[in-house]
S.K.: 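Structure below; questions to follow.
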Amino acid sequence: MVDTGEWEPGAPGVLRLPSGRLVRGRALRRPLPEGPVPGYAVYLLGKRPPRVPWEYDWLRWPDFRLPADRAEARRLFAEAWTRSATARVELACGGGRGRTGTALACLAVLDGVPPREAVEFVRAHYDRHAVETPWQRRYVERFTG
């Protein structure tokens with residue numbers, strides 16, 4: 001397969017944003033999916049992730065909670081959204097649903113989805129269990145990028 005810098009539409013965890021940009025969400029507790037690797041990733045974990053051979057940033061974000069630094073979260077989500085125009089971008093947490101779903105919903109807001117509709121968008125197009133807590137939902141609804 002020719003490396004186009006994009007994810008394969010329909011591949012596991014790949015979310016197509018309204019603009020057509022493709023981003024992948026995944027669970028770090030599961031094996032790395034076969035196929036191309038990310039060009040850039042944001043890992044949403046309470047502790048520093050293991051090193052990977054691609055460029056990544058770590059956002060300290062304990063399980064079932066919100067990002068420890070919301071300004072840094074806005075910065076990293078904007079970076080991920082910008083890079084998704086030309087590179088394979090991955091967002092991931094331990095289980096791939098709560099924190100990952102919340103981050104993907106924030107990217108959807110940056111892509112033009114109204115904040116009050118972003119959680120349902122991600123649940124419909126990524127994982128029906130995405131965004132696990134009421135405070136994660138409120139975070140998305142109040143996210144302005």
Side-chain angles (χ1 to χ4, degrees), residues 5-85 87-145:
E6 290 187 352
W7 295 113
E8 184 69 32
V14 173
L15 171 68
R16 181 182 295 277
L17 295 168
S19 66
R21 294 173 190 222
L22 301 172
V23 293
R24 180 171 79 182
R26 78 174 176 99
L28 292 171
R29 287 189 214 118
R30 295 196 183 112
L32 184 68
E34 289 188 26
V37 298
Y40 174 71
V42 178
Y43 294 125
L44 317 159
L45 298 167
K47 62 181 183 175
R48 187 170 297 281
R51 296 198 64 79
V52 291
W54 49 84
E55 187 180 354
Y56 73 94
D57 280 305
W58 167 50
L59 178 61
R60 193 165 68 80
W61 190 338
D63 203 4
F64 296 106
R65 304 222 190 278
L66 295 175
D69 183 335
R70 294 183 190 186
E72 179 70 353
R74 280 191 300 278
R75 185 187 76 74
L76 290 176
F77 297 159
E79 178 74 12
W81 182 82
T82 299
R83 289 187 184 215
S84 69
R88 285 185 301 273
V89 171
E90 171 177 271
L91 296 131
C93 66
R97 288 185 167 170
R99 294 167 286 182
T100 298
T102 302
L104 289 171
C106 291
L107 260 64
V109 171
L110 292 173
D111 203 64
V113 175
R116 292 201 170 269
E117 297 172 19
V119 170
E120 293 312 315
F121 175 83
V122 170
R123 286 180 175 169
H125 301 285
Y126 168 69
D127 185 312
R128 65 186 179 99
H129 299 291
V131 188
E132 295 176 312
T133 68
W135 43 92
Q136 289 172 341
R137 177 184 277 278
R138 277 193 304 275
Y139 178 80
V140 172
E141 288 174 355
R142 295 174 181 162
F143 184 79
T144 57

S.K.: Between R138 and E141, does the salt bridge (charged side-chain N to carboxylate O under 4.0 Å, His left out) criterion hold? Intermediate values first, please.
M.R.: CA-CA 5 Å; R138 277 193 304 275; E141 288 174 355; over 6 Å; no
S.K.: Working to the nearest 0.5 Å, report the span between CZ of R70 and CZ of F77.
M.R.: 11.0 Å
S.K.: Got a second to check how far L107's CG is from T82's OG1, nearest 0.5 Å?
M.R.: 9.0 Å
S.K.: Backbone N or O of D127 within a donor-acceptor pair of the R123 side chain at under 3.5 Å?
M.R.: no
S.K.: How close do L45 and W58 get, counting heavy atoms only, and between which atoms?
M.R.: O-NE1, 2.9 Å
S.K.: Minimum heavy-atom separation for C106 and V140, please, with both atom names.
M.R.: SG-CG2, 4.2 Å
S.K.: Does the side chain to side chain contact (heavy atoms under 4.5 Å, CB included) test come out yes or no for W81 and V89, once each step is laid out?
M.R.: CA-CA 8 Å; W81 182 82; V89 171; over 6 Å; no
S.K.: Would you give the length of the straight line joining atom OG1 of T102 to atom OH of Y139, rounded to the nearest 0.5 angstrom?
M.R.: 9.0 Å
S.K.: Before giving the answer on side chain to side chain contact (heavy atoms under 4.5 Å, CB included), spell out for L59 and E72 the whole-Å C-alpha distance, their side-chain angles and the decisive distance to 0.1 Å.
M.R.: CA-CA 7 Å; L59 178 61; E72 179 70 353; 3.9 Å; yes
S.K.: What's the shortest heavy-atom distance between Y43 and P49, and which atoms?
M.R.: CB-CG, 4.0 Å
S.K.: With rounding to the nearest 0.5 angstrom, report the CZ to CZ distance, R97 to F64.
M.R.: 10.5 Å
S.K.: Please name the pair of heavy atoms, one in R30 and one in G95, separated by the smallest distance, quoted to 0.1 Å.
M.R.: NH1-O, 4.3 Å
S.K.: State the CG-CZ distance between L15 and F121, to the nearest 0.5 angstrom.
M.R.: 5.0 Å
S.K.: State, to 0.1 Å, how close L44 and C93 come at their nearest heavy-atom pair, and which atoms those are.
M.R.: O-CB, 3.3 Å
S.K.: S84 and side chain to side chain contact (heavy atoms under 4.5 Å, CB included): which single residue from V23, D111, L91 fits?
M.R.: V23
S.K.: Can you tell me how far apart CD (E6) and CZ (R24) are? Round to the nearest 0.5 Å.
M.R.: 14.0 Å
S.K.: Sub-3.5 Å donor-acceptor pair from the side chain of R99 to the main-chain atoms of W61, do we have one?
M.R.: yes
S.K.: Of all heavy-atom pairs between L22 and P9, which one has the smallest distance, and what is that distance?
M.R.: CD1-CG, 3.9 Å
S.K.: For E90 and R26: C-alpha separation, side-chain torsions, deciding distance, then whether side chain to side chain contact (heavy atoms under 4.5 Å, CB included) applies.
M.R.: CA-CA 8 Å; E90 171 177 271; R26 78 174 176 99; 2.7 Å; yes
S.K.: Ignoring hydrogens and geometry, is there a side-chain-to-backbone donor-acceptor pair from R60 to D69 under 3.5 Å?
M.R.: no
S.K.: Check whether W7 reaches the backbone of R21 with its side chain - one donor and one acceptor, N or O, closer than 3.5 Å.
M.R.: no
S.K.: Within the distance-only criterion (no hydrogens, no angle test), does the side chain of Q136 pair as donor or acceptor with the backbone N or O of T133 below 3.5 angstrom?
M.R.: yes
S.K.: Might you work through the side chain to side chain contact (heavy atoms under 4.5 Å, CB included) test for W54 and R88, ending with a clear yes or no?
M.R.: CA-CA 11 Å; W54 49 84; R88 285 185 301 273; over 6 Å; no
